Amino acid sequence: MTGEAPTRYDPRAVEPKWQAAWEAAQVFRAEADPTRPKYYVLEMFPYPSGRIHMGHVRNYTMGDVVARYKAARGHNVLHPMGWDAFGMPAENAAIEKGVHPGAWTYANIDAMRAQMKPMGFSIDWSREFATCDPEYYGQQQAMFLDMLEAGFVTRKAAVVNWDPVDMTVLANEQVIDGKGWRSGAPVERRELTQWFFRISDMAEELLEALDGLGAWPEKVRLMQRNWIGKSQGLQFAFETIGAPEGFERLEVFTTRPDTLLGASFAAISPDHPLARALEGDPEVAAFNAECRRAGTSEEALETAEKRGIDTGLKVRHPLDPQRTLPVWIANFILMDYGTGAIFGCPAHDQRDLDFVRRYGLPVIDVFKADPAAPDVAATAYVPPKSQTVTYLRGFAGERAMTGDAAVAAAVAYCEAHGIGRGVTRYRLRDWGVSRQRYWGCPIPVVHCPACGTVGEARANLPVRLPEDVRFEGSGNPLERHPTWKETTCPQCGGPARRETDTMDTFVDSSWYFARFTAPHATTPTDLAAADYWMNVDQYIGGVEHAILHLLYSRFFARAMQRTGHLPAKAIEPFDALFTQGMVTHEAYYTTEQSSAQLKDFGFEQGPGETSDTSFPMTIMRYHYPEEVEWRDGASFLKGTEQRVEVVPPTKMSKSKKNVVDPADIIDRFGADTARWFVMSDSPPERDVEWTAAGAEAAAKHLQRVWRLADEIARVGAEPGGVAGEEALDLTRAAHRAIRDVTADIEAFGFNRAVARLYDFTNTLSRAPADAPGMGAARVFAMRILAQLMAPMVPHLAEEVWARLGGEGLVATAPWPEADPAMLAEASVTLPVQVNGKRRAEIVVPAGADRATIESLVLADAAVVRLLDGAQPKKLVVVPDRIVNVVL
RNA sequence: GCCCGAGUGGCGGAAUUGGUAGACGCAGCGGAUUCAAAAUCCGCCGCCGCAAGGCUUGCCGGUUCGAGUCCGGCCUCGGGUACCA
């Protein structure tokens with residue numbers, strides 16, 4: 001070894017240097033090349049909020065590891081990046097700060113791109129686009145027109161949250177405790193005519209195709225299956241007694257027709273036409289109005305207290321016309337599912353049981369586990385349909401049968417007696433895409449008084465958003481724009497009005513993956529490019545998109561294929577999916593006492609109250625991690641005596657201020673440290689908690705690898721090459737590292753790959769440097785280490801590679817192959833259990849047979865002692881794994 | 001409410017198909033180096049117990065020669081719930 005001090009690794013200098021080298025060699029530029037297998041890796045593109053956060057770093061590092069690994073394995077890799085750029089936050093910024101949504105969005109994109117480039121991701125930036133580019137949304141409008149013509153689009157009424165003060169439609173997120181988030185006014189439900197994609201027509205096909213998605217997580221397929229919600233059941237009509245004209249029959253859908261004899265009431269949604277028809281009764285009107293005050297979200301409806309009102313109407317039981325059931329309006333019946341009307345069977349449905357207990361309606365048992373079982377009391381009896389039960393009031397065959405069989409028999413019986421018919425229903429509803437907002441893709445349709453609703457002429461696309469708009473927080477800016485909506489009808493040429501709804505941003509993200517294959521095409525896609533690059537081989541993103549985004553994309557790919565925008569093979573666009581966890585951090589807050597006045601909450605001043613009528617309240621204030629310090633086993637606001645409350649790690653969010661800015665980490669430690677940290681420790685599908693100590697440890701390790709490489713390079717390889725047992729041991733360890741790290745990367749076990757790389761680094765640094773042939777062995781091992789680390793920490797890997805005289809760039813070097821001859825193990829250590837507890841271990845040659853192992857075990861001192869002269873009852877031998885002696 | 005996950009030392013986690021629970025890392029402790037410190041290197045490190053030994057993968061029960069892993073019943077936390085993206 002020479003006496004020189006090792007050079008220190010300086011990421012600030014090294015990282016830009018290699019980024020420039022990759023740029024100069026155009027390493028990440030993707031060009032179609034039919035001679036090589038392609039690989040398309042895609043991470044869910046970001047919303048341009050303004051800053052990248054650790055979640056982005058983790059997501060894109062995972063994709064980058066895959067992209068760099070696949071490139072090293074000889075694939076022609078496509079790894080693009082873009083921006084999901086339409087959406088509400090831009091409009092909120094416009095309202096709050098007076099900036100134009102477009103200016104705000106493009107400034108954010110510039111800022112985020114500038115933060116992302118220093119991360120050294122292997123992205124083909126020449127394919128970048130934002131969904132708010134007219135070149136993108138214009139093509140989206142063209143496809144909308146194709147889909148309109150092909151029958152994939154429809155218009156119908158839908159219910160929205162309406163803020164009566166701001167005169168605007170609210171997103172579910174903007175409804176807090178049933179009140180508008182800005183105005184504080186109680187939200188109303190309002191029905192609007194909206195544009196829909198007819199995704200429900202594809203329910204069966206989307207369901208069946210899930211079976212083919214073998215490289216998707218099972219949980220995502222399950223969630224989609226349940227979301228589509230195929231169910232088979234009976235639809236029939238009750239004959240009503242005393243109902244208003246036109247409501248002589250009440251259509252009901254049930255998945256449990258076998259429980260029809262247990263019906264004790266019928267119930268309809270407050271939004272059911274019959275419920276509306278009865279609003280002449282002030283009590284009914286008041287009840288319905290009350291129900292409509294809650295938000296429109298399923299969560300709000302389903303978690304609300306179960307309440308109802310008796311309409312006084314009756315219906316006849318179809319199997320027993322002498323029996324009549326009361327008709328209730330109940331807040332838990334969804335108008336969107338089935339027919340908006342049900343019959344209640346409290347004995348076998350917990351929600352119905354809770355309801356009848358509250359309102360004193362009868363409970364009628366239909367079946368029991370066995371005839372002697374007690375009657376239903378506090379909990380409904382709801383066994384799986386596959387279970388055999390005994391029907392007490394059977395009308396459909398045998399008394400003892402499974403629920404499934406009974407349902408089928410009940411449907412057959414009802415069909416034979418003209419009571420109803422078996423139907424298949426899906427929970428999946430059509431996809432409403434209309435948004436009454438400015439910052440979205442305009443729906444390219446014109447309303448003409450003469451021709452009706454007409455698609456805009458292709459020559460007029462894109463229908464651009466107007467620039468001169470004002471944002472005041474009320475109404476739809478496009479609707480209020482003085483001239484934008486005035487146009488001429490593309491059919492008759494007469495004056496007409498533009499559609500002022502824009503599209504749901506989920507539309508934008510439902511085809512961007514296809515656009516990346518030909519981002520500058522003058523048609524939505526280029527079929528040759530799509531044919532080469534599709535499908536996405538590996539898609540990576542958050543599990544929060546498991547249902548909506550992925551289902552909409554699957555629908556869109558099918559619709560695009562049928563309108564000629566994608567090849568047939570792309571109807572399932574994502575071959576493999578990986579859902580990664582979030583990056584979390586503790587959150588910190590302090591509380592302070594304050595006072596508030598009722599008028600602060602929008603209440604009017606009461607008669608006896610003066611303007612200073614106030615009440616105490618506690619205000620919570622969040623603080624950034626760097627404002628907090630630990631002292632005497634407690635946390636304080638830095639430099640003060642104020643105690644800080646610590647919230648367990650949650651998703652990093654601006655509102656909780658528990659964010660760590662990747663830019664700060666890059667400034668301090670470099671991009672490789674950030675990349676190494678987010679790949680370490682936590683399995684990628686699970687949440688990872690960001691800690692300052694972890695980041696420092698990552699930086700230290702990378703420095704250590706550099707020192708080791710530098711030292712090995714100084715010593716160099718002796719001319720004789722690898723020789724000697726110790727040098728051979730190190731070489732074997734290198735081959736094992738290749739085998740294990742490769743397997744871990746293939747299996748998305750990045751944390752395991754990192755652990756193995758730590759292990760291998762330890763082995764390498766502890767190998768005796770002066771053993772014979774060790775110089776060559778160490779140079780070989782160090783180069784392997786650099787290559788195996790390259791997908792995670794590409795800059796350090798290039799520097800080490802260059803220091804060791806590696807040829808060209810690691811980024812373009814082929815992935816190392818493990819030599820099977822170097823992997824064989826001579827002997828194995830077998831644990832010996834006695835009665836299932838480990839008591840000894842024996843070393844046997846690899847592949848030793850049962851007899852050899854048995855004789856070794858029975859001769860083992862510990863086993864002999866425990867046997868104490870007796871014969872074992874049983875000897876379980878699993879060759880190469882374990883031995884269990886049963887006494 | 002409903003659907004889907006997750007729970008292992010002080011902490012993040014590891015553990016082919018049921019086969020040595022705790023790899024690797026963080027924190028901590030001890031030592032070397034140093035005038036001292038930083039940095040670095042070496043060692044120890046689940047819990048109880050002086051020890052022999054016993055206990056231990058959210059809780060309760062089961063299957064098995066053997067359970068973190070399989071089955072049944074809970075608890076807690078997280079994601080989604082159709083206009084957040």
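The structure displayed is predicted, hence computed values, not measured ones.
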May I ask you to decide if A:Asn226's main-chain N or O and A:Lys230's side chain share a donor-acceptor pair within less than 3.5 Å? no

Which listed nucleotide (B:rC65, B:rC26, B:rA82) is nearest to the side chain of A:Asn172? B:rA82

Between B:rC83, B:rU17, B:rA82, which one does the side chain of A:Arg435 approach most closely? B:rC83

In whole angstrom, what separates A:Arg704's CZ from B:rC24's C1'? 12 Å

Whole angstrom value for the distance that separates P of B:rA23 from CG of A:Asn751: 15 Å

Which of B:rG13, B:rG5, B:rU17 is nearest the side chain of A:Ser682? It is B:rG13

Looking at B:rG1, B:rA85, B:rC65, which one has an atom nearest to any side-chain atom of A:His545? B:rA85

Starting from the 5' end of RNA chain B, give me the residue, A:Val876 or A:Ala755, whose nearest nucleotide shows up first. A:Ala755

Is there a Watson-Crick or G-U wobble partner for B:rG9 with both distances under 3.5 Å, and which nucleotide is it? none

Rounded to the Å, how far apart are A:Met679 CE and B:rA14 P? 14 Å

Starting from C1' on B:rC3, measure out to CD on A:Glu302 and report it in whole angstrom. 11 Å

Pair of N/O donor and acceptor under 3.5 Å linking B:rG1 base with A:Glu298 side chain: yes

For B:rA23, the Watson-Crick or wobble counterpart (both distances under 3.5 Å): none

Taking atom types as they are modelled, is there a donor-acceptor pair under 3.5 Å from the base of B:rC83 to the side chain of A:Gln436? yes

Distance check needed: B:rG80 P versus A:Leu551 CG, whole Å only. 16 Å

Counter-base of B:rC2, judged by Watson-Crick or G-U geometry with both distances under 3.5 Å: B:rG80

So, the side chain of A:Asn835 versus the backbone of A:Leu887: is there a donor-acceptor pair under 3.5 Å, distance only? yes

Could you give the distance separating B:rU34 and B:rC41 at their C1' atoms, to the nearest angstrom? 13 Å

Roughly how many Å is it from NZ in A:Lys219 to P in B:rC4, rounded to a whole number? 13 Å

Using atom C1' in both nucleotides, what's the gap between B:rG18 and B:rG12 to the nearest angstrom? 26 Å

Distance between C1' atoms of B:rU17 and B:rG10 (Å, rounded): 34 Å

Scanning all shown strands, the Watson-Crick or wobble mate of B:rG28 with both distances under 3.5 Å is B:rC44

Answer yes when A:Arg427 and A:Glu298 have at least one side-chain N-carboxylate O distance shorter than 4.0 Å, and no when they do not. yes

What distance, rounded to whole Å, do you find between the two C1' atoms, one in B:rG53 and one in B:rU8? 24 Å

At 4.0 Å (heavy atoms only), tell me whether A:Lys837 reaches a base, stays on the sugar-phosphate, or touches nothing. sugar-phosphate

Say you pick atom P in B:rC48 and the same atom in B:rA14; how far apart are they, in whole Å? 26 Å

Can a salt bridge be assigned to the pair A:Glu191 and A:Lys156 using a cut-off of 4.0 Å between side-chain N and carboxylate O? no

Given that both distances must come in under 3.5 Å, which nucleotide forms a Watson-Crick or G-U wobble pair with B:rC70? B:rG62

Is it possible for you to check whether A:Arg189 lies under 6.0 Å from the centre of the six-membered ring of A:Trp162, through NZ or CZ, and within 45° of that ring's axis? no

Ignoring hydrogens and geometry beyond distance, is a side-chain donor-acceptor pair present between A:Glu841 and A:Gln833 at under 3.5 Å? no

Nucleotide of B:rC42, B:rG80, B:rC83 approaching A:Val169 most closely (side-chain heavy atoms): B:rC83

Can you find a side-chain donor-acceptor pair between A:Glu479 and A:Thr500 that sits under 3.5 Å? yes

Tell me which nucleotide among B:rG1, B:rA85, B:rA6 gets nearest to the side chain of A:Arg686. B:rA6

Taking B:rA15, B:rA82, B:rG13 as options, the one with an atom nearest any side-chain atom of A:Arg752 is B:rA15

Is there, by distance only and without an angle test, a donor paired with an acceptor across the side chain of A:Asn226 and the base of B:rC3 below 3.5 Å? no

Looking only at B:rG43, B:rC83, B:rG25, the nucleotide nearest the A:Tyr758 side chain is B:rG25

Output the rounded distance in Å from CZ (A:Arg427) to P (B:rU81). 11 Å

Looking at A:Trp195, does the NZ or CZ of A:Arg155 lie under 6.0 angstrom from its six-membered ring centre and within 45 degrees of the ring axis? yes

Please report the distance separating the P of B:rA82 from the corresponding atom of B:rU57, rounded so that it comes out in whole Å. 40 Å

The nucleotide from B:rC83, B:rG43, B:rA14 with an atom nearest the side chain of A:Val160 is B:rC83

Can you tell me, in whole Å, how much space there is between the C1' of B:rU20 and that of B:rC26? 25 Å

Nearest-Å distance once atom C1' is located in both B:rA15 and B:rG68: 9 Å

Let's see if you can work this out: which of B:rC83, B:rA21, B:rG79 has an atom nearest to the side-chain heavy atoms of A:Arg838? B:rA21

Which is it for B:rG18, anti or syn, if anything within 90° of zero counts as syn? anti

Rounded distance in Å - CH2 (A:Trp216) to P (B:rC4): 17 Å

With both distances under 3.5 Å as the test, what is the Watson-Crick or G-U wobble partner of B:rU34? none

